[in-house]
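All chains are named by letter (A, B, ...) in the order of the sequence lines, taking the proteins before the strands, and each is independently numbered beginning at 1.
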Number of protein chains: 2
Amino acid sequence: MTDRRVKRTRRLLKAALVELLSEQAYESVTIRDLTDRADIGYATFFRHYDSVNDLMLEIFTEFIQDLETYTDRTDEGYFEREGTSLFEHVEENRTLYRSIFESHTFSKKFREHFEALVRGHLDDRSKYISSKEVPIDVAAQHMVSSILGLVNWWLMENTPPSVQQMGKIYELLIIKGTWQTLSSANPTNLPWEV
Amino acid sequence: MTDRRVKRTRRLLKAALVELLSEQAYESVTIRDLTDRADIGYATFFRHYDSVNDLMLEIFTEFIQDLETYTDRTDEGYFEREGTSLFEHVEENRTLYRSIFESHTFSKKFREHFEALVRGHLDDRSKYISSKEVPIDVAAQHMVSSILGLVNWWLMENTPPSVQQMGKIYELLIIKGTWQTLSSANPTNLPWEV
DNA sequence: AAGATATGATATACAGTGTACCATAAAAGA
DNA sequence: TCTTTTATGGTACACTGTATATCATATCTT
């Protein structure tokens, strides 16, 4: 695993895929495309990865780790503050986000990671949640759909609002919108305003 | 176009695809699978459709038409009444909905149709919308993400709530949740309660 | 310097798409 | 009913892309 040649090959392949994603759709990338771009032998690919999905998974995993350290910067830990962090991360990785959202497999994976995160936040605030009509997992799913919908909209827009504007929309539409529905707290006494 | 043989072939192919979708993933269906199931010659497929996507598009189009006549039953025309209609339609077409949501191409198409519908509703209620921070197309996108997220959750759940329960959740989480955020109206004087 | 191993190149098998061709069956029109 | 038209089945073939096997060579580790 420490062999320089192995590290070089894997590095070249990952770089090749990231590069290709800004030129063509993820689904259209072939193994020949990758080995040509990385300038390595075709068969060599299979000595490291099972498939393009397998290679993408490695990039995706590193990407998720990057996102998690990124959103953890704001140690206050509240949802609405993380909104701006999320959109900053998206802005800096537009191409990769677009590719992930284009792929059914990886948008699903991304959603799963995100849902776990949101579930954690909701569990932390469970004492404020009074709604018996909306189950907790439906609420989590709803926030995830809303957030990822907003991110997706922002990615596809040709003249997108700034990160700050998106943070504002995020707070208004998703945090307040959902929270008012689920919350037993007085609107003037919501947790993020304490 | 009126040739009995043509109609027969196309009918058999559509039936074969619908049948196969309850047995395997949409992406995995090959043309050979279809012609074997329909019991027609392989080359015959290409005399009618370009690709599996092309065949699926025909099924999808008929499906969308069915949905539209379905949701039009409730002539009052309000969002929250259509919630139950939507979930009724999903319940009666679970397999097809699952296949559509599994396919990036068709979930996108479905989303586009739905978004046009929601945009129409929002435009009808534009006088109630006061929010200057949330653009109208972001609001429409947000409702669509929320609704389709909820439908998707319902489809994947092994012990899903009833249609009536889903209608209730829909009204609370999506209609009221979003509307309160966008609306200038007094909560006791929202349009659907008039 | 010697042994281990990753790579490049090539051949091969395989699955799936898409086209061309022709004999045959079935439909449409008189 | 007879003739013409056309859709179908079957087959062969070219093409793309995946995946494995093999072997000489280059590169790395110790």
Side-chain angles (χ1 to χ4, degrees), chain A residues 1-60 62 99-100 102-106 108-109, chain B residues 1-60 62 99-100 102-106 108-109:
Chain A
M1 242 306 195
T2 53
D3 194 313
R4 268 177 254 156
R5 292 168 298 183
V6 172
K7 285 193 287 183
R8 179 178 177 273
T9 301
R10 297 175 83 100
R11 179 171 43 81
L12 287 174
L13 280 170
K14 283 189 273 182
L17 181 48
V18 170
E19 210 178 294
L20 285 169
L21 288 181
S22 59
E23 300 170 20
Q24 53 181 288
Y26 172 71
E27 304 292 346
S28 76
V29 175
T30 67
I31 292 169
R32 183 70 67 189
D33 289 337
L34 288 164
T35 54
D36 283 354
R37 182 60 63 104
D39 197 31
I40 62 165
Y42 175 76
T44 304
F45 177 90
F46 296 97
R47 294 181 179 120
H48 299 276
Y49 302 100
D50 283 348
S51 58
V52 184
N53 266 351
D54 192 23
L55 169 59
M56 184 65 181
L57 183 60
E58 201 166 293
I59 295 170
F60 177 81
E62 294 170 8
S99 301
I100 288 169
E102 258 173 31
S103 152
H104 182 257
T105 311
F106 287 100
K108 206 172 154 188
K109 271 187 206 298
Chain B
M1 242 309 196
T2 52
D3 194 314
R4 267 177 259 154
R5 293 168 296 181
V6 173
K7 285 192 286 183
R8 180 179 176 273
T9 302
R10 297 175 81 99
R11 179 172 43 79
L12 287 175
L13 279 171
K14 284 191 273 184
L17 181 48
V18 170
E19 209 177 295
L20 285 170
L21 288 181
S22 60
E23 300 171 20
Q24 52 180 286
Y26 172 71
E27 304 291 347
S28 77
V29 175
T30 68
I31 293 168
R32 184 70 67 188
D33 289 338
L34 288 163
T35 55
D36 283 355
R37 182 61 61 104
D39 197 30
I40 62 165
Y42 174 75
T44 304
F45 178 90
F46 296 96
R47 295 181 178 119
H48 299 278
Y49 302 100
D50 282 348
S51 58
V52 184
N53 267 352
D54 192 26
L55 169 60
M56 184 63 182
L57 183 60
E58 201 166 294
I59 296 171
F60 177 81
E62 294 171 7
S99 301
I100 288 168
E102 258 174 32
S103 153
H104 181 257
T105 310
F106 287 100
K108 205 172 152 185
K109 273 188 203 301

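- For the OP1/OP2 pair of dT7(C) and a distance below 4.0 Å, the side-chain nitrogens and oxygens of Thr9(A) include at least one atom meeting the criterion.
- The shortest heavy-atom contact between Leu55(A) and Leu13(A) is CD2-O, 3.8 Å.
- In this structure, the separation between OG1 on Thr30(A) and CG on Asp33(A) is 3.0 Å, given to the nearest 0.5 Å.
- Using bins of under 30°, 30° to 60° and over 60° for the plane-to-plane angle, the ring pair Phe46(B)/Tyr42(B) lands in the perpendicular bin.
- Counting all heavy atoms, side chain and backbone alike, Glu102(A) lies closest to Glu27(A) at O-OE2, 4.5 Å.
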Quiz prompt | Reading 5' to 3' through nucleotides 22-30 of chain C, protein heavy-atom contacts under 4.0 Å coded B for base, S for sugar-phosphate only, - for none | solution = ---BBSS--
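- Under the 6.0 Å distance and 45° angle rule, Arg32(A) does not count as a cation-pi partner of Phe45(A).
- In this structure, Ser103(B) contributes its side chain and Ile100(B) its backbone to no donor-acceptor pair below 3.5 Å.
- For the atom pair OG1 of Thr105(B) and CZ of Phe60(B), the computed distance is 10.5 Å after rounding to the nearest 0.5 Å.
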Check nucleotides 16-18 of chain C against the protein and report each pair of N or O atoms closer than 3.5 Å, with its distance, or say if there are none.
{"unit_1": "dT17(C)", "atom_1": "OP2", "unit_2": "Ile31(B)", "atom_2": "N", "d": "3.2"}
{"unit_1": "dG18(C)", "atom_1": "OP2", "unit_2": "Asp50(B)", "atom_2": "O", "d": "3.3"}
{"unit_1": "dG18(C)", "atom_1": "N7", "unit_2": "Tyr42(B)", "atom_2": "OH", "d": "3.4"}

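- Residue Thr44(B) places none of its side-chain N or O atoms closer than 4.0 Å to OP1 or OP2 of dT8(D).
- The distance between atom CZ of Arg11(B) and atom C1' of dT8(D), rounded to the nearest whole Å, is 15 Å.
- With no hydrogens or angles considered, no side-chain donor-acceptor pair links Asp54(A) and Ser51(A) at under 3.5 Å.
- Residue His48(B) has no polar side-chain atom (N or O) positioned under 4.0 Å from OP1 or OP2 of dA7(D).
- Atom CD of Glu27(A) is separated from atom P of dG17(D) by 14 Å (rounded to the nearest Å).
- Distance Asp39(A) CG to dA9(C) C1': 13 Å, rounded to the nearest Å.
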